[in-house]
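So that the names make sense, note that chain A is the first sequence line, chain B the second, and so on, each numbered from 1.
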Amino acid sequence: MSTRAMNLIHNDQLFPADPVMRGIARRLHAEVRGLPIISPHGHTQAAWFADNQPFPDPAKLFVQPDHYIFRMLYSQGIALEDLEIGVGELKDPRRVWRIFAENYYLFRGTPTRMWLDYAFQELFGLEERLSGATADLYFDVISERLRTPEFRPRALYDRFHIEVLATTDSPLDSLADHQAIRDSGWKARIIPAFRPDSVVDPDFAGFEKNVAKLGQIAGEDTGSWQGYIRALEKTRARFKALGCTATDHGHPTALTVDLPAADAARVFETVLSGRAAERQKELFRAQMLTEMARMSVEDGLVMQLHPGAYRNHNRKMYERYGRDVGADIPVATDYVHALHPLLARFGNEKNFTLILFTLDETTYTRELAPLAGH
Amino acid sequence: MSTRAMNLIHNDQLFPADPVMRGIARRLHAEVRGLPIISPHGHTQAAWFADNQPFPDPAKLFVQPDHYIFRMLYSQGIALEDLEIGVGELKDPRRVWRIFAENYYLFRGTPTRMWLDYAFQELFGLEERLSGATADLYFDVISERLRTPEFRPRALYDRFHIEVLATTDSPLDSLADHQAIRDSGWKARIIPAFRPDSVVDPDFAGFEKNVAKLGQIAGEDTGSWQGYIRALEKTRARFKALGCTATDHGHPTALTVDLPAADAARVFETVLSGRAAERQKELFRAQMLTEMARMSVEDGLVMQLHPGAYRNHNRKMYERYGRDVGADIPVATDYVHALHPLLARFGNEKNFTLILFTLDETTYTRELAPLAGH
Amino acid sequence: MSTRAMNLIHNDQLFPADPVMRGIARRLHAEVRGLPIISPHGHTQAAWFADNQPFPDPAKLFVQPDHYIFRMLYSQGIALEDLEIGVGELKDPRRVWRIFAENYYLFRGTPTRMWLDYAFQELFGLEERLSGATADLYFDVISERLRTPEFRPRALYDRFHIEVLATTDSPLDSLADHQAIRDSGWKARIIPAFRPDSVVDPDFAGFEKNVAKLGQIAGEDTGSWQGYIRALEKTRARFKALGCTATDHGHPTALTVDLPAADAARVFETVLSGRAAERQKELFRAQMLTEMARMSVEDGLVMQLHPGAYRNHNRKMYERYGRDVGADIPVATDYVHALHPLLARFGNEKNFTLILFTLDETTYTRELAPLAGH
């Protein structure tokens with residue numbers, strides 16, 4: 001990283017305002033800023049690195065996939081249609097970019113602007129703030145750079161000094177891209193993470209079909225509880241063979257239960273029938289966390305849990321654009337009662353590591369730190 | 001405001017202790033301190049400005065209506081009878097004032113003392129702290145000033161550089177005072193806010209009678225759901241005609257529902273019969289928030305919601321002194337599940353603005369900021 | 001306390017990093033650091049002061065009883081058996097101490113290390129950090145000092161400048177040690193606190209037997225509700241006679257109810273039968289808080305309530321080592337609804353003081369401060 005005078009970002013960005021504290025922050029930051037990146041949750045796609053094609057234009061790269069950007073614009077009255085959200089091929093990326101640029105002032109003080117300004121300056125060498133006046137300059141400069149070899153995904157992987165990068169993958173994914181990266185001989189450690197939401201959450205769109213497809217891929221009859229469990233175990237093994245070290249679970253709550261096998265099988269049949277009540281769906285998700293913990297004890301995959309988001313809160317946006325468009329809203333989350341059944345069963349196992357994420361800041365000192373003593 | 005040496009308040013009051021931060025705070029404060037006041041929630045009465053009569057004596061003005069003051073004294077063993085709380089005409093205001101003055105030390109470090117000291121110094125020119133020793137001095141100085149023309153309500157409105165002041169008014173209020181202000185030709189913008197708690201909350205004292213009176217005023221039969229809704233719509237229009245720009249709703253929780261009209265009508269009949277269970281009263285309040293949102297979409301009034309207080313928690317005080325005597329205690333409050341029905345219906349309407357207040361600080365980052373993207 | 005250069009602890013430990021704030025902190029601390037200790041919740045045992053015997057070896061004194069220490073070690077994979085937790089007489093205290101010393105680095109940044117380093121330096125004169133290399137030095141120095149007269153419990157009481165020290169005692173305790181301290185003529189104020197969990201919490205191990213024993217000690221038939229209540233009243237009087245000024249209640253939640261006497265008696269019979277459901281046990285605890293409040297109004301004992309811990313969360317540790325081994329995890333706690341029945345009955349009594357503790361930091365401003373106005 002350069003040490004020249006900066007225009008878009010301040011060298012002391014996010015450091016304390018107090019000079020003594022700031023001095024300490026600078027010293028600590030200097031010690032770690034050169035370290036390699038180990039990213040267990042990379043929000044990237046293996047296909048980028050398998051294909052190593054150039055990234056698309058600025059609008060497709062920065063605006064379309066980033067719900068922090070388009071929700072802010074939407075909340076100020078800009079139509080998502082004008083931003084071409086949800087569209088495969090952008091008809092007029094420069095127009096989308098201009099709308100974004102004209103409204104960039106809205107992001108003042110947000111993390112979104114901090115990291116965008118950082119990228120604009122450090123990666124693309126831009127020095128004047130994005131605005132209506134600089135929209136075309138930005139569009140042209142970024143477009144041009146993206147076509148150079150230095151901005152291909154693999155080149156960026158090296159430039160960013162990444163040591164490990166975990167993608168997040170569905171059990172229904174063939175992992176062909178991961179295989180292709182391996183086969184290419186490129187020396188990089190890009191590994192999958194096992195994210196089974198689509199086949200363990202009855203509220204996930206297409207749940208029943210997903211479970212059937214899981215069975216086909218794994219060569220098991222997922223119409224039965226035993227076959228379903230075996231299919232999951234085999235899929236985890238398939239992920240592990242390609243370097244996977246962890247699973248990742250997005251649940252509405254952290255609820256777990258530890259049902260007798262016969263009861264678990266019955267709940268599975270109910271949710272698979274598509275006639276389960278809300279309560280039974282939650283019970284199934286709760287049982288599946290305990291099943292996943294048991295598999296982790298057996299296969300050694302670290303278990304990651306992301307509870308506490310009310311998914312797809314904006315019903316109209318969900319109906320029009322589907323999931324993951326930024327309408328997941330955090331709610332107050334209990335871990336202590338919720339995780340008791342799982343921890344009572346596996347919490348003292350030496351071969352079990354559970355990483356808890358939270359969107360509810362009040363839980364850090366009250367629940368998460370004390371629970372860490374298990 | 002003066003810049004002379006201050007005795008009761010510090011020029012840097014509430015600013016950071018750190019000198020660098022303090023310098024920034026001073027600079028920011030200097031930029032805004034001269035701006036006019038736009039008060040959407042003024043805790044004032046239109047009658048003050050309609051009549052423009054002098055404010056009463058110090059005890060009646062500062063002690064009797066301020067539950068932050070008398071609850072503190074009460075918690076330390078002082079009888080509310082001695083403070084003449086709930087009394088129309090004070091028998092011995094100087095005695096009440098002396099009790100307050102002798103116990104003023106109890107308010108050290110509280111916001112109450114900060115703003116009282118500010119008023120004592122800046123408005124009344126007092127320079128020695130209020131105490132038993134200065135009680136009579138304060139009483140005499142304040143009493144004398146309150147009789148001068150400069151301390152009449154309209155003069156203070158001008159002095160405080162107010163641009164807009166919204167009072168909070170019941171749908172049962174004739175708004176005659178607001179009309180009188182308009183008719184007087186005085187150039188000030190004092191507007192009503194529509195606060196319908198007394199006619200939408202079945203737990204509000206006199207609810208059934210209030211609903212009947214609403215019907216009389218609006219010329220509608222509020223014995224039926226349709227008539228009740230029409231009466232509310234007409235009352236909102238009456239408020240709007242006098243400048244009202246917003247509604248204001250005090251609810252125990254933020255719960256909303258979006259019932260079919262026939263179900264809503266049934267719940268209305270039940271609560272009006274006085275035989276509703278707790279659950280049905282809450283359901284009615286929940287439905288009324290959605291009705292109010294619908295009306296806001298139609299008439300453009302901004303909707304303000306204050307949920308999360310357990311009202312009248314001190315039962316003995318409530319039985320003796322009624323509501324609003326400071327026994328409203330904040331509780332943990334959910335917005336995400338609670339508001340989903342209302343937002344699913346109206347959250348994407350361009351003509352709808354919902355302002356959420358909170359007494360639960362944990363909700364700012366967890367729930368309110370993410371919800372703002374609607 | 002000495003003012004010489006310190007090696008283990010920093011003179012400004014826990015003070016703000018900012019120099020201005022730090023100066024204020026130093027000044028405030030200097031004003032209070034010499035004040036005597038008044039400890040209403042001392043976590044000590046009267047037997048120490050009655051017998052005045054030397055404290056045992058370092059491992060028995062510091063490691064075995066401190067769940068903050070052994071849970072940290074356990075969480076990093078060290079077996080509790082190796083630390084001789086739960087053992088009466090340690091077989092190899094030096095070995096236990098060495099394991100602790102080798103892993104002392106784990107406590108960096110924890111309150112545990114702060115107070116241990118403080119004790120090591122200030123009481124035992126140690127100047128090099130505890131580690132594998134200094135384990136034996138520490139063991140020898142501490143062992144030697146503990147055998148000197150200056151380290152006997154009564155000498156430490158004087159040295160620490162204690163003015164009052166309250167132990168925490170079961171209603172089943174004879175308080176013989178408290179009596180012995182009094183009889184010894186030693187001038188110190190060590191008083192019991194009344195902690196009735198073992199006889200009011202149906203989930204407490206041995207509850208039914210404990211209630212029977214309470215009856216024997218108090219000379220009442222605790223098989224009946226009336227006898228049980230009388231036994232508690234007489235036991236409180238017995239505690240009060242030995243200086244007790246307060247009660248102390250550890251409950252899973254702050255729930256209170258105010259049942260008619262006949263209903264309370266029925267719930268008592270159910271829980272005593274050992275066949276109560278979870279809901280009834282919670283109802284009983286809730287009623288007992290209100291009973292305790294009533295007794296406090298009558299006998300003047302200050303009431304202390306510690307709600308909000310999920311006790312014995314680690315089931316395997318509980319089954320093997322029993323309660324109080326550090327697996328009590330805080331949960332989100334409601335005080336406002338929960339305490340309403342108790343406060344509606346006794347909250348306005350002048351002779352009633354209720355001290356609320358919390359493990360849920362979010363409740364300080366939201367619930368506890370506003371409730372204090374009762």
Side-chain angles (χ1 to χ4, degrees), chain A residues 12 15-23 66-81 106-107 109-112 252-253 278 307-321 325-334 358-367, chain B residues 15-28 253-258 290 293 297 300 307-308 330-356 358-374:
Chain A
D12 290 325
F15 289 174
D18 164 60
V20 176
M21 300 286 278
R22 186 182 294 205
D66 187 340
H67 59 67
Y68 291 106
I69 291 178
F70 65 72
R71 275 187 76 212
M72 169 68 95
L73 300 176
Y74 180 64
S75 77
Q76 300 304 305
I78 293 164
L80 295 181
E81 287 77 9
L106 292 169
F107 295 89
T110 66
T112 292
T253 74
E278 258 330 301
Y310 188 122
R311 301 262 169 199
N312 312 311
H313 193 271
N314 190 319
R315 192 194 291 170
K316 285 203 173 62
M317 283 183 77
Y318 177 65
E319 285 165 359
R320 177 125 166 62
Y321 298 103
V325 291
D328 299 343
I329 314 288
V331 292
T333 303
D334 160 66
T358 190
L359 298 166
D360 178 356
E361 292 172 4
T362 71
T363 61
Y364 282 112
T365 53
R366 188 180 58 216
E367 304 182 26
Chain B
F15 290 174
D18 164 61
V20 176
M21 300 287 278
R22 187 182 295 205
I24 298 169
R26 277 180 190 148
R27 189 161 45 76
L28 292 173
T253 74
L255 190 75
T256 65
V257 289
D258 186 13
T290 306
V297 171
V331 293
T333 302
D334 160 67
Y335 292 81
V336 181
H337 299 90
L339 290 172
H340 185 262
L342 185 154
L343 292 174
R345 182 86 181 275
F346 299 114
N348 293 279
E349 294 286 343
K350 286 208 179 190
N351 194 35
F352 180 53
T353 301
L354 173 61
I355 298 178
L356 298 173
T358 190
L359 298 167
D360 178 356
E361 293 173 5
T362 70
T363 61
Y364 282 111
T365 51
R366 190 182 56 218
E367 304 182 24
L368 299 183
L371 278 174
H374 260 281

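Contacts of A:Asp12 classified as salt bridge (Lys or Arg N to Asp or Glu O under 4.0 Å), with partners at least two apart in sequence or in another chain: A:Arg22, A:Arg26.
Heavy-atom minimum distance, B:Ala372 versus A:Ser75: O-CB, 3.7 Å. Among all heavy-atom pairs drawn from B:Asn348 and A:Met317, the shortest one is OD1-CG, 4.4 Å. Contact between B:His340 and A:Arg315 at its shortest, heavy atoms only, is CE1-NH2, 4.1 Å.
The candidate with the highest count of non-hydrogen atom pairs below 4.5 Å against chain A, out of B:His337, B:Met21, B:Lys350, is B:His337. For the set B:Asp334, B:Leu339, B:Ile24, B:Asp18, the entry with the most heavy-atom pairs within less than 4.5 Å of chain A is B:Asp18.
Using a distance-only test at 3.5 Å, with no hydrogens or angles considered, no donor-acceptor pair links the side chain of A:His313 to the main chain of B:Leu371.
The distance from atom OG1 of A:Thr362 to atom CD of B:Glu361, rounded to the nearest 0.5 Å, is 12.0 Å.
There is no contact between B:Thr363 and chain A, counting heavy-atom distances below 4.5 Å.
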